[in-house]
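First comes the structure, then the notes that go with it.
Every chain is numbered from 1, with letters handed out A, B, ... down the list of sequences.
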Protein chains: 2
Amino acid sequence: MMVSEQFQDVFSQLPAEIFGRDCPTRPVMAQVTGRWGALIIAALAPGPMRFSGLHQHIGGISQKMLSQYLKSLVRYGLVERLVEPTIPPQVTYSLTPLGQSLAQQLCTLLSWFTANTPALEAAQQRYDAADSPTR
Amino acid sequence: MMVSEQFQDVFSQLPAEIFGRDCPTRPVMAQVTGRWGALIIAALAPGPMRFSGLHQHIGGISQKMLSQYLKSLVRYGLVERLVEPTIPPQVTYSLTPLGQSLAQQLCTLLSWFTANTPALEAAQQRYDAADSPTR
DNA sequence: CTGTATCCTACCCGATACTG
DNA sequence: CAGTATCGGGTAGGATACAG
């Protein structure tokens, strides 16, 4: 399979700036590629969700982190926060159009990882088996 | 534009497991989506590179972090390390086929960020302007 | 040139408790 | 239900010096 052609396309579009120390994408990347960013956005991809829904859907996340990441994502215009003035209050989160377009990229990336996890784990075990026996 | 159709496809392929607390993808994701993972892989996308080449190409990375990330990426079978037994030694890093396929996803993601940085920054300023004046 | 070793700081993140 | 406040541990990451 000719990977290289299609390949050249993708990376050649990247401006040299993204490697720069002060590239403006870095703070955003830090959030999205942070521990929970991608998972939260992926969880919202199917549709809007409540705070508690997200909390139990994403295994292992704490209220604090969920709240913190959501605030960031709202700030970047990726997620929308909708408050229903009821008692008790209901807050619904959903992806903005911008967030949806990002979600596609992220879901593709997540798919890649799930598809290639066997290969990654195999490589890992090969590597670990290579020179630790001497120890 | 009908985002939703193509959209449903992408996320619906995601197994519920990726949201699980013990999903095996999490440690790998942590490395790749760590602070330097994506940039290193993207930097290697055009072709093999030496250690010093990477070091000066990726702004702000320290030797320690570069070395550490490279070791991890080699361990996962994403990057290959080739040592020329010369003096002084020359070490060349390149992407494995597995790494190349990941690089495509990552470069696409990086492209998304560079393309949408204006929108992200605008949203951010709108958000910050909304209620900080009261402070 | 290509790393490793050491020290040190910052902050990420979790646990818990509390508010409206 | 949907958060915020506070405390504390673990670790990512930088600076520097040193080694092969």
Angle of first-five versus last-five pair axes in the helix from C:dC1-D:dG20 to C:dG20-D:dC1, to 10 degrees: 50°
5' precedence on DNA chain D between B:Lys64 and A:Pro88 (nearest-nucleotide basis): A:Pro88
Protein-nucleotide distance ([X], atom [atom1]; [N], atom [atom2]), rounded to Å:
X	N	atom1	atom2	result
A:Ile58	D:dA2	CD1	P	14 Å
A:Ile61	C:dC12	CD1	C1'	13 Å
A:Leu70	D:dC1	CG	C1'	14 Å
B:Arg26	C:dG14	CZ	P	9 Å
A:Leu66	C:dC13	CG	P	13 Å
B:Met65	C:dG3	CE	P	15 Å
B:Lys71	D:dA12	NZ	P	14 Å
A:Gln68	D:dA2	CD	C1'	16 Å

Phosphate OP1/OP2 of D:dA2: any A:Ser67 side-chain N/O under 4.0 Å: no
Distance below 4.0 Å between A:Arg35 side-chain N/O and D:dA12 OP1 or OP2: no
Cluster check A:Ile87, A:Val83: I/L/V/M/F/W/Y, side chain < 4.5 angstrom: no
Gap separating the CG atom of B:Leu54 from the CG atom of B:Leu44, nearest 0.5 angstrom: 5.0 Å
Touch class at under 4.0 angstrom, heavy-atom based, for A:Gly60 against every strand present: sugar-phosphate
Sugar-phosphate only, base, or nothing, as touched by A:Gln63 at under 4.0 Å among non-hydrogen atoms: base
Nearest-neighbour nucleotide for the [X] side chain, [options] considered:
X	options	answer
B:Arg81	D:dG14, C:dT2, D:dG3	C:dT2
B:Pro89	D:dG14, C:dG14, D:dG20	D:dG20
B:Ser52	C:dG3, D:dG13, C:dT2	C:dT2
B:Tyr93	C:dG3, D:dC1, D:dG14	C:dG3
A:Tyr69	C:dC7, C:dC13, D:dA2	C:dC13
B:Val91	D:dG14, D:dG3, C:dG3	C:dG3
B:Arg50	C:dG3, C:dC1, D:dC1	C:dC1

Donor-acceptor pair, [X] side chain versus [Y] backbone, under 3.5 Å?
X	Y	answer
B:Arg26	B:Gly20	yes
A:Ser67	A:Gln63	no
A:Tyr69	A:Arg35	yes
B:Thr33	A:Thr33	yes
B:Thr96	B:Leu78	yes

Taking every non-hydrogen atom, the tightest pair across B:Arg75 and A:Tyr127: CG-CD2, 3.4 Å
